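Note that the numbering runs from 1 along the sequence shown for the chain. None of the values given here were measured: they were computed from a predicted structure.
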Amino acid sequence: MQCSSRRDCDVPGSMTFRIETAERGTFTVFILSGRIETRAIAELKRLFELQTDYRSIVLDLKDVSWVDRDVIGFSCVAKADGVKLENCPAYIREWMERDKD
C-alpha cells in the first residue's frame, strides 16, 4: 500500500484528527486516527465526493480513539452506500448495529 497524502486536520473546537490517503489496487483507503467528531464529517464527505464509486472507498479506523454519535450515523450511511470499514473497533461496530434499529 502506498501513501499518497496525509492531512492533519485541526478542526476548530475539537482535537486534531488525521486522515492519510493510500491507494490499494483499485481502492482508495482513508486511514483515520485521533478523535473523529461531527465537524470531521464535512472533510470526509469532501474526500468521498472526489471518488467515482463509494464501493472503492475503504475507511481504516485502527487508530481512531473516539467518535461521536453523528460520526456513527455518517458511518452507517457510508457503509450502506458501499464504503468498506477496516479495523473497526468493537465499540464502534456495536454502536452502529444499535443505531440501525
Side-chain angles (χ1 to χ4, degrees):
M1 182 166 53
Q2 180 180 14
C3 284
S4 56
S5 69
R6 177 176 150 178
R7 303 172 61 83
D8 289 329
C9 304
D10 190 11
V11 179
S14 73
M15 299 200 50
T16 300
F17 67 98
R18 177 176 296 148
I19 302 171
E20 291 183 55
T21 305
E23 299 297 324
R24 185 189 310 146
T26 60
F27 292 96
T28 300
V29 181
F30 297 110
I31 305 158
L32 307 181
S33 59
R35 292 175 60 98
I36 312 301
E37 299 176 333
T38 301
R39 294 181 185 114
I41 294 172
E43 179 66 11
L44 288 169
K45 283 182 178 178
R46 188 188 71 71
L47 291 170
F48 282 15
E49 288 171 2
L50 298 174
Q51 305 304 308
T52 57
D53 184 356
Y54 278 19
R55 292 173 296 179
S56 68
I57 298 172
V58 175
L59 278 181
D60 186 333
L61 306 175
K62 178 181 166 196
D63 295 321
V64 170
S65 59
W66 188 87
V67 296
D68 69 13
R69 181 180 238 6
D70 291 334
V71 173
I72 293 295
F74 171 79
S75 299
C76 288
V77 170
K79 185 176 178 191
D81 287 343
V83 173
K84 292 162 192 60
L85 302 180
E86 282 187 355
N87 300 311
C88 187
Y91 82 93
I92 293 175
R93 283 203 187 276
E94 290 168 12
W95 197 355
M96 288 174 67
E97 282 299 313
R98 283 193 310 266
D99 253 25
K100 280 191 331 189
D101 302 332

Enquirer: Is S65 reaching over with its side chain to a backbone N or O of G34, donor-acceptor style, under 3.5 angstrom?
Expert: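 Yes: the side chain of S65 pairs with the backbone of G34.
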
Enquirer: Can you check whether I57 reaches Y54 side chain to side chain, under 4.5 Å on heavy atoms?
Expert: yes

Enquirer: Take D81 and F48, measure what side-chain contact (heavy atoms from CB on, under 4.5 Å) needs, and give me the verdict at the end.
Expert: CA-CA 11 Å; D81 287 343; F48 282 15; over 6 Å; no

Enquirer: Once you round to the nearest 0.5 Å, how far does CD1 of I36 lie from CG of L44?
Expert: 7.0 Å

Enquirer: Would you give the length of the straight line joining atom CD of E94 to atom SG of C88, rounded to the nearest 0.5 angstrom?
Expert: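 Reported to 0.5 Å precision, the distance equals 10.0 Å.
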
Enquirer: Do V77 and F30 sit in the same hydrophobic cluster, where Ile, Leu, Val, Met, Phe, Trp and Tyr count as joined when their side-chain heavy atoms come under 4.5 Å apart?
Expert: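 They do not share one cluster, since no chain of ILVMFWY contacts under 4.5 Å joins V77 to F30.
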
Enquirer: Taking atom NZ of K79 as the centre, does the number of heavy atoms from other residues, nucleotides or ligands within less than 6.0 Å exceed 12?
Expert: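 12 or below, so no.
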
Enquirer: Consider only side-chain N and O atoms of D63 and S33, and report whether a donor and an acceptor are under 3.5 Å apart.
Expert: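 There is no such pair (donor and acceptor under 3.5 Å, judged by atom type) between the side chains of D63 and S33.
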
Enquirer: Which value, rounded to the nearest 0.5 Å, describes the distance between L85 atom CG and D60 atom CG?
Expert: 10.0 Å

Enquirer: Here's a test for you: under salt bridge (charged side-chain N to carboxylate O under 4.0 Å, His left out), which of R24, K62, R93 qualifies with E86?
Expert: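 When R24, K62, R93 are each tested with E86, the salt bridge (charged side-chain N to carboxylate O under 4.0 Å, His left out) holds only for R24.
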
Enquirer: Got V71 and I92 here, is their nearest side-chain heavy-atom distance under 4.5 Å?
Expert: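 No - every pair of side-chain heavy atoms lies 4.5 Å or more apart.
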
Enquirer: For the NZ atom of K84 and the CZ atom of F27, what is their distance to the nearest 0.5 Å?
Expert: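 It is 4.0 Å, given to the nearest 0.5 Å.
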
Enquirer: Applying side-chain contact (heavy atoms from CB on, under 4.5 Å), run through R69 and D99 and close with a yes or a no.
Expert: CA-CA 9 Å; R69 181 180 238 6; D99 253 25; 3.4 Å; yes

Enquirer: Of all the heavy-atom pairs spanning D68 and W95, show the shortest one and how long it is.
Expert: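 Of all heavy-atom pairs spanning D68 and W95, the closest is C-CH2, 3.8 Å.
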
Enquirer: Give a yes or no on whether a salt bridge exists between E43 and R46, defined as a side-chain N under 4.0 angstrom from a carboxylate O.
Expert: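 Salt bridge present between E43 and R46.
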
Enquirer: Could you state the interatomic distance from CG (L59) to CG (L47), rounded to the nearest 0.5 Å?
Expert: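 With rounding to 0.5 Å, CG (L59) is 10.0 Å from CG (L47).
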
Enquirer: Do E37 and F17 have side-chain heavy atoms sitting under 4.5 Å apart?
Expert: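 A side-chain contact is absent here, since even the closest heavy-atom pair is not under 4.5 Å.
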
Enquirer: Could you point out which residue of I31, L32, N87, V67 forms a side chain to side chain contact (heavy atoms under 4.5 Å, CB included) with L61?
Expert: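 Only match with L61 under side chain to side chain contact (heavy atoms under 4.5 Å, CB included): L32.
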
